[in-house]
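Quick note: numbers below take in every heavy atom, side chains included, and nothing from hydrogens, waters or symmetry partners. When a ligand or atom number is given, it counts from 1 through the structure's own listing order.
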Amino acid sequence: MATTKSRLSLGFSRRQLLIWISFLLLSGLAVIAITFYASYAQKQLDADYIAFSSEIVRAQHDGEALRQSSLNLLDHPQPLHQRQLLQALWMIHSRQMTIEQYLQRSKLTAHDTQHILEEFTHLDSLLQQADAIAPDVLEDTSQLSSLHDLTEDIDNSLAYIYSELHTLMIRGATEQQHIMSVMTQIIIALGILVLVVILGLLVAIEKILGQQHELEHLSITDELTGLENRRAAMNRAKHILTLAKRSGDSVSLAIIDIDHFKRINDRYGHPFGDQVIKQLALQLKTMARESDVLARIGGEEFCLLMPNTNPDGASELCERLLGSIRAIIITHEENSVPLTVSIGVTTTHHQDDYDFDVLYAHADAALYRAKAGGRDQLESFVPSTRG
Ligand SMILES: Nc1nc2c(ncn2[C@@H]2O[C@H](COP(=O)(O)OP(=O)(O)OP(=O)(O)O)[C@@H](O)[C@H]2O)c(=O)[nH]1
């Protein structure tokens with residue numbers, strides 16, 4: 001009832017749901033953070049600060065060229081120097097347009113560039129004034145000194161703009177470097193995380209497989225003796241009997257039960273009784289064949305299923321078992337403890353006998369007679385007594 005309550009309609013337990021919600025929340029946050037950072041980084045990395053910087057470096061010569069041509073014109077008012085000055089003015093115009101384009105393409109914020117744009121407006125008005133005077137200055141030489149003053153103002157304005165832009169470029173490039181280093185660290189951290197997760201998963205899978213194998217082994221093994229348990233014996237017996245029934249081969253089953261085991265327990269204690277069981281199991285193991293199924297099917301009861309074995313073969317082996325068990329030397333505090341077993345054995349005779357429960361019942365009936373006959377002996381099931 002409690003389990004049903006703690007499970008929601010979709011088949012998730014509350015704990016699983018919490019884990020999934022936390023996982024989804026964390027993943028969502030990680031995706032948002034990464035997307036935000038990636039778009040910011042992308043903008044910064046898109047800005048071509050190197051090209052922009054080289055354009056600014058080239059532009060710094062424009063002011064000097066203008067000032068020089070203005071000086072030349074002032075000293076020698078000749079058409080050559082006037083042409084040079086007009087050319088310098090044109091150069092500054094076109095450079096100004098290129099730089100304004102770079103500024104728009106760059107990811108610098110309005111806050112960063114506001115004062116530069118204002119200075120550009122001021123520069124525009126100075127250029128317009130110079131453009132208005134320069135073409136006629138040879139006709140009206142009184143304008144020469146005003147023109148020269150204007151060129152000085154233009155040069156100063158350009159110097160201010162370019163030094164500010166230069167500072168911004170350095171800041172942008174530094175930011176790019178910072179972004180690259182943060183991204184490298186993030187990539188390394190993610191790589192390590194992925195490796196750790198993969199390693200964790202591998203360890204978990206390895207552990208689960210180990211536990212699964214261990215559980216499988218435990219589910220078919222008798223803990224005390226290490227022999228197969230009743231369940232495993234029945235499964236294997238079923239398989240062997242099915243094959244034998246088809247081929248018509250005889251299969252024998254012996255049940256081996258320790259005599260008066262209760263007395264051993266009572267006299268020497270339960271742990272000693274366990275040791276006796278283990279010792280007997282070891283002896284049985286050495287005498288059983290590879291193809292036999294040897295299992296502990298009860299407290300002091302073992303079964304030995306012998307494929308392809310007729311009644312004579314089974315009896316012979318069981319007699320040898322009785323003898324070898326009698327010969328086991330067991331001592332308790334220097335007192336020897338006699339150990340004997342009784343064995344009931346049966347062999348498939350009819351089609352119906354190829355069934356573990358039927359064979360077991362027959363062997364058990366024979367064992368009963370062995371116990372009743374005085375123990376430490378073998379009794380075989382006699383088919384005519386069936387039923
Ligand atoms: N030490 C130990 N004793 C066990 C274990 N399993 C069952 N026993 C004991 O085995 C004894 C079996 O006693 P009984 O069924 O009366 O049979 P028995 O004393 O061997 O007498 P018979 O079979 O008639 O010869 C009981 O005292 C159980 O407690 C075990 O794993 N370890």
Side-chain angles (χ1 to χ4, degrees), residues 214-237 252-288 292-306 311 314-347 356-382 385-386:
E214 178 86 16
L215 276 177
E216 273 167 20
H217 182 68
L218 281 178
S219 72
I220 58 165
T221 309
D222 171 56
E223 209 179 328
L224 180 67
T225 60
L227 297 180
E228 287 184 26
N229 61 18
R230 187 186 188 97
R231 199 158 70 103
M234 280 180 71
N235 284 341
R236 278 186 65 200
S252 293
L253 175 72
I255 300 178
I256 302 139
D257 189 282
I258 305 177
D259 295 331
H260 298 305
F261 190 58
K262 190 173 178 316
R263 285 186 202 163
I264 296 178
N265 270 335
D266 292 348
R267 195 169 298 166
Y268 305 109
H270 211 270
F272 182 79
D274 282 353
Q275 290 312 310
V276 172
I277 290 175
K278 276 168 91 170
Q279 223 163 324
L280 174 64
L282 216 66
Q283 180 63 28
L284 293 175
K285 215 171 169 181
T286 54
M287 300 202 65
D292 293 346
V293 177
L294 174 64
R296 183 179 175 218
I297 54 172
E300 20 68 272
E301 188 176 285
F302 297 83
C303 84
L304 181 66
L305 185 87
M306 297 160 275
S315 295
E316 193 194 316
L317 175 66
C318 289
E319 287 293 356
R320 274 197 286 126
L321 274 179
L322 283 174
S324 75
I325 291 163
R326 254 178 245 129
I328 298 174
I329 298 167
I330 299 174
T331 53
H332 182 271
E333 292 172 358
E334 292 176 9
N335 298 317
S336 89
V337 179
L339 177 68
T340 61
V341 297
S342 298
I343 303 178
V345 69
T346 187
T347 303
F356 186 77
D357 290 339
V358 171
L359 268 189
Y360 182 84
H362 292 173
D364 198 42
L367 174 68
Y368 181 80
R369 284 199 290 115
K371 290 278 183 185
R375 296 174 174 80
D376 188 18
Q377 56 188 275
L378 168 72
E379 276 293 341
S380 300
F381 178 73
V382 184
T385 64
R386 290 171 91 221

**Q.** Listed partners of R231 passing side chain to side chain donor-acceptor pair (under 3.5 Å), at least two apart
**A.** S219
Q. Do G273 and ligand 1 have an N or O pair less than 3.5 Å apart?
A. no
**Q.** Contact check, side chains of I325 and L284, non-hydrogen atoms, under 4.5 Å
**A.** yes
Q. Nearest to atom 6 (N) of ligand 1, what protein heavy atom do you find, and at what distance?
A. G299 CA, 3.1 Å
Q | ligand 1 versus V276: contacting region, heavy-atom distance under 4.0 Å | A | neither
Q | Test applied, side-chain contact (heavy atoms from CB on, under 4.5 Å); reference residue, R296; option that passes from L224, T221, L280, N229 | A | L224
Q. How does D274 reach ligand 1, by side chain, by backbone, by both or by neither, if only non-hydrogen atoms under 4.0 Å count?
A. both
Q.
Are the side chains of S380 and P311 in contact, using a 4.5 Å heavy-atom criterion?
A. no
**Q.** Interfacing atoms of ligand 1 (cut-off 4.0 Å, heavy-atom, D257)
**A.** 23 (O)
Q. How far is atom 25 (O) of ligand 1 from its nearest protein heavy atom, and which residue and atom name does that atom have?
A. H260 N, 2.8 Å
Q | By side chain to side chain contact (heavy atoms under 4.5 Å, CB included) - contacts of E300 (at least two apart) | A | D257, I258, F261
Q. To which of R296, R375, K262, E223 does the heavy atom nearest atom 5 (C) of ligand 1 belong?
A. R296
**Q.** Student check: side-chain heavy atoms of H362 and T347 closer than 4.5 Å
**A.** no
Q) Looking only at protein heavy atoms, which one is nearest to atom 3 (N) of ligand 1, and how far off is it? A) N265 ND2, 2.8 Å
**Q.** Side chains of T340 and R326 in contact at under 4.5 Å (non-hydrogen atoms)
**A.** yes
Q. Is any side-chain heavy atom of V382 less than 4.5 Å from a side-chain heavy atom of R369?
A. yes
Q.
Just to confirm my output: which protein heavy-atom neighbour is closest to atom 17 (O) of ligand 1, and how far is it?
A. E300 OE2, 3.8 Å
Q. Below 3.5 angstrom, do we get any N/O pair linking K371 and ligand 1?
A. yes
Q) Within 4.0 Å of atom 14 (P) of ligand 1 (strictly less), any protein heavy atom? A) no
Q) Considering only the protein, which heavy-atom contact is closest to atom 18 (P) of ligand 1, and what is its distance? A) F261 N, 3.4 Å
Q: Run the numbers for me: atoms of ligand 1, each under 4.0 Å from some heavy atom of I258, listed by number.
A: 20 (O), 23 (O), 25 (O)
Q) Do L321 and L304 come within less than 4.5 Å of each other through their side chains, counting heavy atoms only? A) yes
